[in-house]
Amino acid sequence: MVPRTRIPAVPLPTPRPARGHVSTATVEQVGRWAVLVTVRGEVDLVTTPAVHEALRVGLATPDALLVVVDLSEVDFLAAAGLGALVLARDTAACRAIDLRLVAHGRSVLRLLDITGLRRTFRLHRDLAGPLGPYLQRSASSR
């Protein structure tokens with residue numbers, strides 16, 4: 001019998017963003033009932049926590065009835081980012097908040113098509129669709 005030796009567990013290094021690896025996620029209240037979460041850059045394993053936090057803040061905004069997630073400037077969407085969107089969709093449904101996505105880039109739409117999730121989200125090509133009434137109202141109040 002060969003004696004078993006234990007190999008000590010080696011902790012995995014934490015991922016670090018590469019140069020040029022930029023992603024931002026901002027939250028902005030548009031009108032009294034609508035919130036806009038804008039995501040730019042790459043949404044991958046490194047940047048998903050910031051996107052998840054922005055979605056959480058957007059959905060926790062008092063009096064929010066509509067949350068629009070603008071993904072029109074997303075260059076890359078990984079499975080981790082898609083998971084954050086699915087969690088936001090489920091959270092919005094539990095809170096009776098209308099969650100809509102703005103996306104027209106191939107990187108986002110292709111992943112939604114491949115996974116079959118495209119039909120579970122309300123998609124728009126631009127912000128005028130879901131936020132049209134709020135944008136017109138704010139422009140006329142200036």
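The first residue in the sequence is number 1, and the count goes up from there.
- Scored by the side-chain contact (heavy atoms from CB on, under 4.5 Å) test, Ala50 finds no partners at all (sequence neighbours excluded).
- With rounding to the nearest 0.5 angstrom, the CG atom of Leu65 is 7.5 Å from the CD1 atom of Ile97.
- Val102 and Val35 are assigned to two separate hydrophobic clusters, defined by single-linkage of ILVMFWY side chains at heavy-atom distances under 4.5 Å.
- Note: the hydrophobic cluster containing Leu82 also contains Val67 (ILVMFWY, side chain heavy atoms under 4.5 Å, direct or indirect links).
- The nearest pair of heavy atoms linking Ala103 to Leu71 is CB-CB, 4.3 Å.
- With a 4.5 Å cut-off on side-chain heavy atoms, Val43 and Thr48 count as touching.
- Taken together through direct or relayed side-chain contacts under 4.5 Å among Ile, Leu, Val, Met, Phe, Trp and Tyr, Val37 and Leu131 form parts of separate hydrophobic clusters.
- A single hydrophobic cluster is seen to contain both Val39 and Leu109, as judged by linkage of ILVMFWY side chains at heavy-atom distances under 4.5 Å, directly or through other members.
- Counting only residues at least two apart or on different chains, the side-chain hydrogen bond (donor to acceptor under 3.5 Å, both in side chains) pairs with a member in residues 102-113 are Asp113-Arg118.
- Counting heavy atoms from C-beta on, the side chains of Leu99 and Phe121 come closer than 4.5 Å.
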Please tabulate, for the side chains in residues 85-96, all donor-acceptor contacts under 3.5 angstrom to protein atoms that are two or more places apart in sequence or on a different chain.
unit_1, atom_1, unit_2, atom_2, d
Arg89, NH1, Thr120, OG1, 2.9
Thr91, OG1, Leu87, O, 2.9
Arg95, NH1, Leu59, O, 3.2

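- The side-chain contact (heavy atoms from CB on, under 4.5 Å) test applied to Glu53 returns Arg56, Val57, not counting sequence neighbours.
- Residue pairs meeting the salt bridge (Lys or Arg N to Asp or Glu O under 4.0 Å) criterion with at least one partner in residues 27-36, sequence neighbours excluded, are Arg32-Asp63.
- Under the rule for a side chain to side chain donor-acceptor pair (under 3.5 Å), the partners of His124 that lie at least two apart in sequence or sit in another chain are Arg100.
- Scanning for side-chain contact (heavy atoms from CB on, under 4.5 Å) contacts around Asp126 gives Ala128, with sequence neighbours left out.
- No path of Ile, Leu, Val, Met, Phe, Trp and Tyr side chains, each step under 4.5 Å between heavy atoms, connects Val74 with Val46, placing them in separate hydrophobic clusters.
- Residues passing the side-chain contact (heavy atoms from CB on, under 4.5 Å) test with Thr38, sequence neighbours excluded: Thr26, Leu36, Arg40, Asp70.
- Taking every heavy atom of both residues into account, Ala25 and Ala54 meet most closely at CB-CB, 3.6 Å.
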